[in-house]
Amino acid sequence: MRGLSGKVAIVPGGSTKIGQAIVAAFQAAGVRVMVADIAPAPEAEGVGFQACDLRDDAQIADLVKATKSRFGRIDFLVNVACSYLDNGAETSRADWLTALDINIVGSVMLMQAARAELAATKGAIVNFGSISSRVAQTGRWVYPVSKAAILQLTRNQAMDLAPDGIRVNAVSPGWTWSNIMDQLTGGNRAKTDAVAAPFHLLGRVANPEEVASAVLFLCSDEASFITGTD
């Protein structure tokens, strides 16, 4: 895809399965990447790691500073990081606030910290919604609500950041082979596909690499007139 080689991306949540696939796809396209996560990730050529808790503004500022210092610029933010704290109707106030802080507020604080760099490079932001943002699911409140809020956030960001030349879009994957699914099934991908089949037209969950392809498209020059969409 055009317009990726030589660029720099920050990927909060880059240590997860989906995050790792995005990092690998960026790397293959010639994009240098700073992975930001609370879980460590191995450094590779063109890939750095910065420990970062998105609930901490000082750590977010350090992340932006470290990325600029190492790579000289910032072009893309891909907000993969996510909390799955969710006990439905019984979710405590503390868990609501923690999950929303990670899933929504942390990405906004990162945007604020990196806005000047993104404006300088006419960069792009890709937020992560979910199919869960559009349907009710028994026993799940916090995660779907946060994902629905992300889609409205994406529209608002796209409008207010357009004068800076920054595009903002979201991806909303269906069920995807991810850390949480791996944990719930003990690594049984076949079981995961079987459970997903009645809910997905292709009869399986997505591969992380398939989601990564959509992210790279939205960052590339192929999407140069796309902003504010999911």
Side-chain angles (χ1 to χ4, degrees), residues 1 11-29 33 35-42 44 47 54 78-92 95-96 98-100 102-104 106-107 126-154 169-219 223 229-230:
M1 299 180 192
V11 183
S15 295
T16 66
K17 276 185 170 56
I18 295 174
Q20 289 172 353
I22 291 167
V23 170
F26 268 142
Q27 194 179 14
V33 184
V35 174
D37 212 311
I38 57 173
V47 179
L54 291 175
V78 181
N79 294 304
V80 185
C82 179
S83 166
Y84 291 96
L85 279 174
D86 196 332
N87 195 29
E90 304 304 318
T91 305
S92 67
D95 283 354
W96 269 103
T98 295
L100 295 178
I102 295 168
N103 293 1
I104 303 171
S107 72
V126 179
N127 295 320
F128 262 70
S130 169
I131 194 173
S132 299
S133 68
R134 302 179 186 278
V135 295
Q137 297 170 316
T138 301
R140 301 186 82 202
W141 288 30
V142 183
Y143 180 81
V145 167
S146 71
K147 291 301 184 179
I150 285 168
L151 300 187
Q152 183 60 39
L153 171 65
T154 298
N169 292 290
V171 293
S172 286
W175 295 4
T176 305
W177 182 242
S178 57
N179 282 21
I180 189 70
M181 290 192 172
D182 193 353
Q183 293 162 10
L184 289 173
T185 64
N188 191 333
R189 173 65 188 268
K191 178 181 179 180
T192 303
D193 283 337
V195 173
F199 305 103
H200 293 74
L201 294 176
L202 298 182
R204 62 175 176 84
V205 297
N207 297 314
E209 292 77 13
E210 292 171 312
V211 177
S213 294
V215 171
L216 261 65
F217 166 72
L218 289 172
C219 290
T229 195
D230 174 37

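Counting from 1, the numbers follow the sequence of the chain as shown.
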**OP:** Working to the nearest 0.5 Å, report the span between OG1 of Thr16 and CG of Asp182.
**Re:** 11.5 Å
Original post:
Atom OG of Ser178 and atom CG of Leu184: how far apart are they, to the nearest 0.5 Å?
Top reply: 8.5 Å
Original post:
Hey, does the side chain of Asp86 reach the backbone of Val142 with a donor-acceptor pair shorter than 3.5 angstrom?
Top reply: yes
Subject >> Closest non-hydrogen atom pair, Val80 against Gly13 >> reply: CG1-O, 4.0 Å
Original post:
With no hydrogens and no angle check, do the side chains of Asn127 and Thr154 hold a donor and an acceptor under 3.5 Å apart?
Top reply: yes
Subject >> Polar side-chain atom of Asn179 near backbone of Lys17 as donor-acceptor pair, under 3.5 Å >> reply: yes
**OP:** Answer yes or no: are there more than 12 heavy-atom neighbours, outside Trp96 itself, under 6.0 Å from its atom CH2?
**Re:** yes
Subject >> Residue among Val215, Leu216, Leu218 satisfying side chain to side chain contact (heavy atoms under 4.5 Å, CB included) with Val78 >> reply: Val215
**OP:** Determine whether Phe26 and Val11 make a side-chain contact, defined as any pair of heavy atoms from C-beta on separated by less than 4.5 Å.
**Re:** yes
Subject >> Closest non-hydrogen atom pair, Cys219 against Val126 >> reply: SG-CG2, 3.8 Å
Subject >> Cationic N near anionic O, under 4.0 Å, Arg204 to Glu210 >> reply: yes
Subject >> Test item: Thr91 and Leu85 side chains (from C-beta on) under 4.5 Å apart, heavy atoms >> reply: no
Original post:
Should the ring pair Trp175 and Phe199 be called parallel, tilted or perpendicular, given that the plane angle runs from 0 to 90° and is split at 30 and 60?
Top reply: tilted
**OP:** Check the side chains of Asn87 and Arg140 for a donor-acceptor pair under 3.5 angstrom, ignoring hydrogens and angles.
**Re:** no
Subject >> Over 12 foreign heavy atoms within 6.0 Å of CD1, Ile38 >> reply: no
Subject >> Side chains of Ile131 and Ser172 in contact at under 4.5 Å (non-hydrogen atoms) >> reply: no
Original post:
Between the side chains of Gln20 and Ser15, is a donor N or O closer than 3.5 angstrom to an acceptor N or O?
Top reply: no
Subject >> Basic-acidic side-chain contact under 4.0 Å: Asp230, Lys147 >> reply: no
Original post:
Out of Val195, Val205, Thr176, which one pairs with Met181 under the side chain to side chain contact (heavy atoms under 4.5 Å, CB included) rule?
Top reply: Val205
Original post:
Do Val171 and Phe128 come within less than 4.5 Å of each other through their side chains, counting heavy atoms only?
Top reply: yes
**OP:** Answer yes or no: is there a donor N or O on one side and an acceptor on the other, between the side chain of Asp37 and the main chain of Pro40, under 3.5 Å?
**Re:** no
Subject >> Nearest heavy atoms of Glu209 and Ala21, plus distance in Å >> reply: N-CB, 3.9 Å
Subject >> Nearest heavy-atom neighbours spanning Thr192 and Trp177 >> reply: OG1-CZ3, 3.2 Å
Original post:
Is any side-chain heavy atom of Ser83 less than 4.5 Å from a side-chain heavy atom of Tyr143?
Top reply: no
Subject >> Least distance between heavy atoms, Gly129 atom then Leu151 atom >> reply: CA-CD2, 4.1 Å
Original post:
What's the shortest heavy-atom distance between Asn103 and Ser146, and which atoms?
Top reply: ND2-OG, 3.0 Å
Subject >> Flag, side chain of Ser130 to backbone of Ser133, donor-acceptor distance under 3.5 Å >> reply: no
